Each structure stands twice: as structure tokens, then as C-alpha cells.
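Below you'll find the structure, written out as C-alpha cells, and then a few comments.
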Amino acid sequence: QVQLVESGGGLVQPGGSLRLSCAASRFTLDYYGIGWFRQAPGKEREGVSCISSGDGNTRYADSVKGRFTISKDNAQNMVYLQMNSLEPEDTAVYYCAAAIQAICITTIPHYYDMDYWGKGTPVTVSS
């Protein structure tokens, strides 16, 4: 069964950085579009960034553009989300997800476009 496991979350001060990792098992990650989503308490799950299958086209939400960078390592079957200049508003549980259909062509996918999900890793930005 397809499995995604996130790691790298934690507590960080405003202005700090974290790198989230998403490890894929039992499938070849490069064949799927991958998205990072987050969900804060009481809010809907929102797309943060994505990377398409194959050519690795990337997209970012306006709220994180210039601060977050998504990347993938096909040899390691991993996707990363480098988060810099973190703000309290970035506090949320972060999820990676994979989509069978083509995504991330022109925009970040909605959560309902995704087929497989990890269990999430919490990120807290606070002084």
C-alpha cells in the first residue's frame, strides 16, 4: 500500500527555518504530483506548495512565496519543503500528499484532488 511519512516539524521562533521531509514507500514518487498542505486549528486544509511529476514544475501559495521552497530527490524517493522566515501564521499541521492525476500545472491543487496522504507533522512558530 502507498505510504507517505512526513517528518521535520517542531517548534521554531519567528524568523526561523525548518525543513520538512516526505518519504514515499511502495511507489515511485516521481510518477505522482506531490503537494504540501497545512491545516491550522479551526481552518480548512490549504495547499502550500506542489511539484509536478516528471518535469518538476513548482507552484506556491501567495502566503509562502519567496519563503518556502519545494524540491524532490528521485533517487531517495523524497520530497522536501524548506521553510524560511517563518511566521506565527505558518503554525499548522503540515501534510504531504500524492495525486495520480496530473497536478501543479498552473495552480496548486485542492485537497480533494489528492489520492494519498501522510499523517502530518506539526509546526509551531512561536516566541
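Side chains included, hydrogens not; waters and symmetry mates left out as well; all remaining heavy atoms used. Note that the structure is predicted; figures quoted are calculated from it, not measured.
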**Report entry** Side-chain heavy-atom pair Leu4, Cys22 within 4.5 angstrom cut-off
**Finding:** yes
Query raised in the report: What pair of heavy atoms forms the shortest contact from Trp36 to Ser21, and how long is it?
Result: CH2-O, 3.7 Å
Query - Under 3.5 Å donor-acceptor, Arg59 side chain and Ile51 backbone - result: no
**Report entry** Pairs satisfying ring pair (Phe, Tyr, Trp, His ring centres under 6.0 Å), at least one member in residues 103-127, at least two apart
**Finding:** Phe37-Trp117, His110-Tyr112
Query raised in the report: When Ile, Leu, Val, Met, Phe, Trp and Tyr are grouped by side-chain heavy atoms lying under 4.5 Å apart, directly or through other members, which residues fall in the same group as Val5?
Result: none
Report summary line: What one should report as the nearest heavy-atom pair of Met114 and Pro109 is SD-CG, 3.8 Å
Query raised in the report: Which pairs count as ring pair (Phe, Tyr, Trp, His ring centres under 6.0 Å) when at least one residue sits in residues 50-80, sequence neighbours excluded?
Result: none
Requested in this report: Output every pair passing salt bridge (charged side-chain N to carboxylate O under 4.0 Å, His left out) with a member in residues 5-27, not counting sequence neighbours, ordered by first then second residue.
Outcome: none
Report task. Please round to the nearest 0.5 Å and tell me the distance separating atom CD1 of Ile34 and atom CD1 of Ile70. Result -> 8.0 Å
Query raised in the report: In terms of hydrophobic clustering (I, L, V, M, F, W, Y; side-chain heavy atoms under 4.5 Å; direct or indirect links), are Ile100 and Val79 co-clustered?
Result: yes
Please report, to 0.1 Å, the donor-acceptor pairs under 3.5 Å made by any side chain of residues 81-97, with sequence neighbours excluded.
from	atom 1	to	atom 2	distance (Å)
Gln82	NE2	Asn84	OD1	2.9
Asn84	OD1	Ser17	OG	2.9
Asp90	OD1	Arg38	NH1	2.9
Asp90	OD1	Arg67	NH2	3.0
Asp90	OD2	Arg67	NH1	2.8
Asp90	OD2	Arg67	NH2	3.4
Asp90	OD2	Glu87	N	2.8
Thr91	OG1	Pro88	O	3.0
Thr91	OG1	Val125	N	2.9
Tyr94	OH	Arg38	NH1	2.9
Tyr94	OH	Asp90	O	2.6

Report summary line: ring pair (Phe, Tyr, Trp, His ring centres under 6.0 Å) filter on Tyr31, not counting sequence neighbours, yields none
Report summary line: Sorted by chain and number, sequence neighbours left out, side-chain contact (heavy atoms from CB on, under 4.5 Å) with Ser127 holds for Pro14
**Report entry** Side chains of Leu11 and Val123 in contact at under 4.5 Å (non-hydrogen atoms)
**Finding:** no
Report summary line: Residue pairs passing the salt bridge (charged side-chain N to carboxylate O under 4.0 Å, His left out) test with at least one member in residues 108-126, sequence neighbours excluded, are none
Query raised in the report: Who pairs with Lys43 by side-chain hydrogen bond (donor to acceptor under 3.5 Å, both in side chains), at least two apart in sequence or on another chain?
Result: none
Report summary line: Residue pairs meeting disulfide bond (SG atoms under 2.5 Å apart), one or both in residues 37-85, sequence neighbours left out, come to Cys50-Cys104
Query raised in the report: Step by step, would you call Val12 with Thr124 a side chain to side chain contact (heavy atoms under 4.5 Å, CB included)?
Result: CA-CA 6 Å; Val12 63; Thr124 302; over 6 Å; no
Report task. Under the side chain to side chain contact (heavy atoms under 4.5 Å, CB included) rule, what do Leu29 and Met78 come out as? Steps first, then yes or no, please. Result -> CA-CA 7 Å; Leu29 194 144; Met78 300 279 290; 5.9 Å; no
Query raised in the report: How would you list, by chain and number, every residue that makes a side-chain contact (heavy atoms from CB on, under 4.5 Å) with Asp55, sequence neighbours excluded?
Result: Ser52, Asn57
Query raised in the report: For Thr69, what residues pass the side-chain hydrogen bond (donor to acceptor under 3.5 Å, both in side chains) criterion, not counting sequence neighbours?
Result: none
